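A short write-up of the structure that comes next.
Throughout, a chain's letter reflects where its sequence line sits, starting with A, and its residues are numbered from 1. Since we're looking at a predicted model, the values are computed, not measured.
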Amino acid sequence: MSEQDSLDRFLGEEVKPSEVEAKDSSSDWFERLKKILDERSAPAVKFSRAYLLSASYDGDLRCAVLKFYDPAENRILLWYDTTGHTPYCFTNLTPEELQALPEISGRENVEGFEVVEKHNPLTDSPIKVTKILARDPLTIGGRPSSLRERLPKAREDAKVWEADIKYHENYLYDLGFEIGMPYTLREGETLPKPDVGEAKLPSGLEEALKGEDEDFRNYTAEWVRLLECPVPSFKFASLDIEVEAPSLDRIPNAREALYPVIAVSVVDSEGRKRVLLLRRQGVEEGSAELDENVELEFYDDEVSLLGATLEILTHYPIIVTFNGDDFDLRYLWHRAQRLGFPKGVIPIDMGRESALLTLGIHIDLYKFFFNRAIQVYAFDQKYRENTLEDVASAILGVGKLPIGKNVSELSYRELAAYCLRDAELTYQLAALEGCLTLKLILALARVSRMPVEDVSRQGVSAWIKSMMYYEHRRRNLLIPSQSEILAFKGYTTTQPVIKGKKYRGAVVIEPKSGVNFNVVVLDFASLYPSIIKRWNLSYESVRCPHPECRENRIPETPHWVCRRKRGITSLIIGSLRDLRVKWYKVKAKDKSLPQEVRSWYDVVQRTLKVVLNAAYGVFGAEHFVLYCPPVAEATASIGRYAITKTIEKAQQLGIEVIYGDTDSVFLRNPTEEQIAELVNWSERELGMELDVDKVYRYTVFSSRKKNYVGVYPDGSVDIKGLTGKKRNTPEFLKRAFSEAVGILSTVESKEAFSTAREKIKAIVKECYERLKGRRYPLEDLAFTIVLGKDVEDYEKTTPQHVKAVKALPAEAREKIGAGSVIRFVKVRRDPGVKLLFQASPEEIDLEKYVEHIQSTFEPLLEALEIDFDEILGVPKTSRLERFL
DNA sequence: GCGGACTGCTTACCT
DNA sequence: ACAGGTAAGCAGTCCGCG
């Protein structure tokens, strides 16, 4: 039972008593499940070497419980705390004051007080605080009567610290447990013993870090110990359920669980594929094709089907689902209770936002793949939407089986095929590239110090928070509250470019319109993490309390930074940066290493990228626990300083800079010597690594920022920002645009441009002619836009895609909401838009589409000095004349 | 009552 | 529930215009 669960019981997510009569088999199933749970929960590990994957809180036993993965037995071992560690928080009230408080005295949930000395990072001085020990986590926080809520009201200046840290995290931090690492478990011993590897820098890295101080090197070595530790191969299964739904459009409500579960499919890492089916009246066998090795199991009643399913949940150490938190496992939990299963025999720990497994680990891939940072940095934005179908087709190249009818109308074999397909896709998402996804989660867990269940469900700010908390505990630092940080140093002074933002961000250099050959792009390797490292940025080091640091100023701001102590963030992010840039990125590309080794290096490299890219942003995010705007402001400010100085230096060296954005500069035809000089200057003067990122045969810039085409020597092409590449652009424009880019990729010299220009003109002309001749099918004309929120939530304006949806009758609109993809075309009449499937070719607004042809090609045409009207065969003056 | 200049909203993108 | 900066298209508002 998790602490979340105890909380939910407190908040009362109750299920109505059984409405469906239990059959004979039910008590057998209840007993069987009870027995499994009892056996497996008993802390009876004789001896085992196992990996720590997770921790939670057992509300009944009132203690922390650790989940280990035993690779020999392929199962999860539970270890219940025997140290007597209890929940706690800190306060500035003395034990005497506390004793006198009505909200404390006589509370049997408060076990005692202890005065302890901690170090306050904000004041850089020791601080005596009272540690309040509690009987359970809810005494500390989580309900209105908790100490976290009540103590601050006891006295005007009363403070509470560290009361919002989940108990199982406290437990891990305090005992120094390392998630993802191997331990030896022995019956009778108080604690599992870590199988500690050596914290030593590999010689290549040792060399690369020669210039760093000893603390930094030791700290980096600790990361190496964590990340070089081997990863076991996991036995796991994916699971998917189908429910007899009354209508095709409605997804059954998992909290009500009104309808029977009719199919459950399970695909496991040992090649087994099972589909459990419920026998129902009038359903035919059917003839849909199924793989030979698929095991079909029929159950005469739903209790047996659910009983078997719940047993499967106890059988596997790891279960992956796609949206199991909100649907599959939640549905099973509520449905099982509806069928009379007592809560105690259901091996699911149901929380408000997650569904965890009592005897295993549940990874919900929906949450993980939906995470923006994972989408962008780990999977290179290969997928855009967040349906299983979209993610799978983008990453795996296969789609969901199309069904035209309600699942309850399918034959057994059709239903099995459909249900199995979803489980297979889910399995593949976890298993692809040698279990990349699972390894990514494990590496993230090691770095963030978070249980794998949490790390796969939460975002970057939670990961970084966890890393920081771990480090605070290790150094006996009091974790300041958000309001304290803000009170000490919560202001910014730079003017943002965009209204409503908190401070000024990166600079973007005005590009020079036109075509340039031999363009070298230099960029700072991990600019912001490098800045955080080099400039010692951290919430406690920026605007530190020492008077002597005050002249150590940050450019363009009134802020200063500490000279006396290395900031925590600077150390953590700085070491991870060096580790990625100087070790893992290099190793991931080292062809002399065996494939499996290289792939792990690639996993780590990607993991670090995700964490590093977020490290700066979180300090500027209000909801981050260590929110510290001057840190974010300082980072961006130093970034502007670095790129601006670099451009000045380049110009001094006689290099023409044609563009730059945040951390990059585009140099026109520089010599090797010029590049080397600039790179050395940066190393020397800025203390930052400036590298050649890419070399283009030529680039095409319009006057627009963040928009360009770059052609590599081998003819491959980078297209950045241009309308012709955007997902919402109609297909006919994307195709014409990509044809034009195809022409560009063949251009090898300045001379070849004259023919290329003619070909591009011809492409635009052809596009125009086909449009005018209405020779494009309607769907090629459709704009594809994702609804950012539910239709009713557009209050200030009604954008076109919303207008198009609003034209639908209410019942058709029901299943359209935030995240839905809207396809519409522009028409001549009334609201000017129509959903694609409602429109007909004659009503298309051709004039509008001609404007779109123009705006799509304009950036290219401008760079190539081609006039759009001229292409259409209109004399240059005609538009003006028409106007006059 | 209409249209241009302007601001703001929305989406998709870049780093 | 990481940040800010840019482009594009449209919605909505204000104001002048006899």
Side-chain angles (χ1 to χ4, degrees), chain A residues 353 367 370-377 381 384 457-465 492 494-511 521 523-524 526-529 573 610-629 631-637 639-640 643 659-666 693 702-708 718-729 783-789 793-803 818-819 821-822 826 831-833 848 851-852 854-856 858-859:
Chain A
E353 267 134 36
K367 290 228 170 97
F370 190 53
N371 184 322
R372 277 283 298 165
I374 295 298
Q375 259 174 63
V376 176
Y377 301 118
Q381 283 210 62
R384 306 287 306 172
R457 283 170 175 79
Q458 295 177 18
V460 287
S461 64
W463 305 340
I464 291 171
K465 169 181 82 176
T492 52
T494 53
Q495 278 311 318
V497 173
I498 306 169
K499 237 187 218 172
K501 299 289 185 187
K502 287 166 290 204
Y503 58 89
R504 175 163 292 220
V507 274
V508 187
I509 307 301
E510 199 75 51
V521 183
D523 77 348
F524 291 103
S526 304
L527 176 69
Y528 289 162
I573 298 306
V610 174
V611 172
L612 290 171
N613 274 307
Y616 141 78
V618 293
F619 285 98
E622 290 98 331
H623 55 82
F624 181 54
V625 281
L626 301 173
Y627 175 50
C628 187
V631 169
E633 183 179 39
T635 312
S637 189
R640 291 194 301 275
I643 189 176
Y659 180 60
D661 185 349
T662 312
D663 61 354
S664 64
V665 285
F666 287 57
D693 179 34
S702 71
S703 53
R704 294 158 188 78
K705 295 170 174 180
K706 298 182 189 279
N707 275 263
Y708 61 87
D718 276 344
I719 308 167
K720 299 290 182 183
L722 294 157
T723 304
K725 201 192 79 166
K726 291 192 177 181
R727 319 237 166 198
N728 54 4
T729 300
F783 291 83
T784 309
I785 294 188
V786 179
L787 264 184
K789 45 194 175 187
D793 297 340
Y794 289 86
E795 283 164 355
K796 300 183 171 142
T797 56
T798 311
Q800 293 200 312
H801 60 296
V802 180
K803 272 189 185 156
V821 178
I822 311 302
K826 302 200 175 179
V833 286
K848 267 269 177 293
E851 282 173 25
H852 281 287
Q854 175 163 19
S855 60
T856 301
E858 197 51 51

Could you tell me how far apart [X] ([atom1]) and [N] ([atom2]) are, to the nearest whole angstrom?
X	N	atom1	atom2	value
Leu527(A)	dC2(C)	CG	P	21 Å
Arg504(A)	dT6(C)	CZ	C1'	14 Å
Leu612(A)	dA3(C)	CG	P	17 Å
Lys502(A)	dG5(C)	NZ	P	12 Å
Tyr794(A)	dC9(B)	OH	C1'	10 Å
Lys826(A)	dG9(C)	NZ	P	7 Å
Gln375(A)	dA12(B)	CD	C1'	13 Å
His852(A)	dG9(C)	NE2	C1'	7 Å

Nearest to the side chain of [X], which nucleotide is it out of [options]?
X	options	result
Lys706(A)	dT6(C), dG12(C), dA3(C)	dT6(C)
Lys796(A)	dC9(B), dA12(B), dT6(C)	dC9(B)
Lys789(A)	dT6(C), dT11(B), dT10(B)	dT10(B)
Tyr616(A)	dA3(C), dT11(B), dC14(B)	dA3(C)
Arg704(A)	dA11(C), dT6(C), dA7(C)	dA7(C)
Arg727(A)	dA12(B), dC13(B), dT15(B)	dC13(B)
Lys705(A)	dG9(C), dT6(C), dA12(B)	dT6(C)
Lys501(A)	dA3(C), dA8(C), dG4(C)	dG4(C)
Pro496(A)	dG5(C), dC9(B), dG9(C)	dG5(C)
Thr662(A)	dA7(C), dT11(B), dT15(B)	dT15(B)

Give [X] one of three labels, base, sugar-phosphate or nothing, depending on what nucleic acid heavy atoms sit under 4.0 Å from its own.
X	value
Tyr503(A)	sugar-phosphate
Thr635(A)	nothing
Ser855(A)	sugar-phosphate
Gln458(A)	sugar-phosphate
Ala506(A)	sugar-phosphate
Phe619(A)	nothing
Gly505(A)	sugar-phosphate
Ile785(A)	sugar-phosphate

Has [X] got a side-chain atom pairing as donor or acceptor with [Y]'s backbone, closer than 3.5 angstrom?
X	Y	result
Gln458(A)	Trp463(A)	no
Arg640(A)	Arg504(A)	yes
Lys725(A)	Ile719(A)	yes
Asn613(A)	Val611(A)	no

Q: Just do the side chain to side chain donor-acceptor pair (under 3.5 Å) check on Thr492(A) and Glu633(A) with the steps written out, would you?
A: CA-CA 7 Å; Thr492(A) 52; Glu633(A) 183 179 39; 4.6 Å; no
Q.
Return the OH to CD1 distance between Tyr616(A) and Ile573(A), rounded to the nearest 0.5 Å.
A. 14.0 Å
Q. More 5' along DNA chain C: Pro799(A) or Gly620(A), using each one's nearest nucleotide?
A. Gly620(A)
Q) When the nearest nucleotide of DNA chain C is assigned to Glu510(A) and to Ala614(A) on a heavy-atom basis, which residue is associated with the more 5' position? A) Ala614(A)
[X] side-chain N/O to [N] phosphate OP1/OP2 under 4.0 Å:
X	N	answer
His623(A)	dC2(C)	no
Ser461(A)	dC2(C)	yes
Tyr708(A)	dA7(C)	no
Lys725(A)	dA12(B)	no
Lys803(A)	dA11(C)	yes

Q. In terms of heavy-atom contacts, does NZ of Lys848(A) have more than 12 from other residues, nucleotides or ligands at under 6.0 Å?
A.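 Open.
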Q) Considering heavy-atom distances to DNA chain B, does Lys499(A) or Asn707(A) have its closest nucleotide positioned more toward the 5' end? A) Lys499(A)
Q. Does the ring center of Phe624(A) lie less than 6.0 Å from the ring center of Phe619(A)?
A.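 Yes, they do, as the ring centres are separated by less than 6.0 Å.
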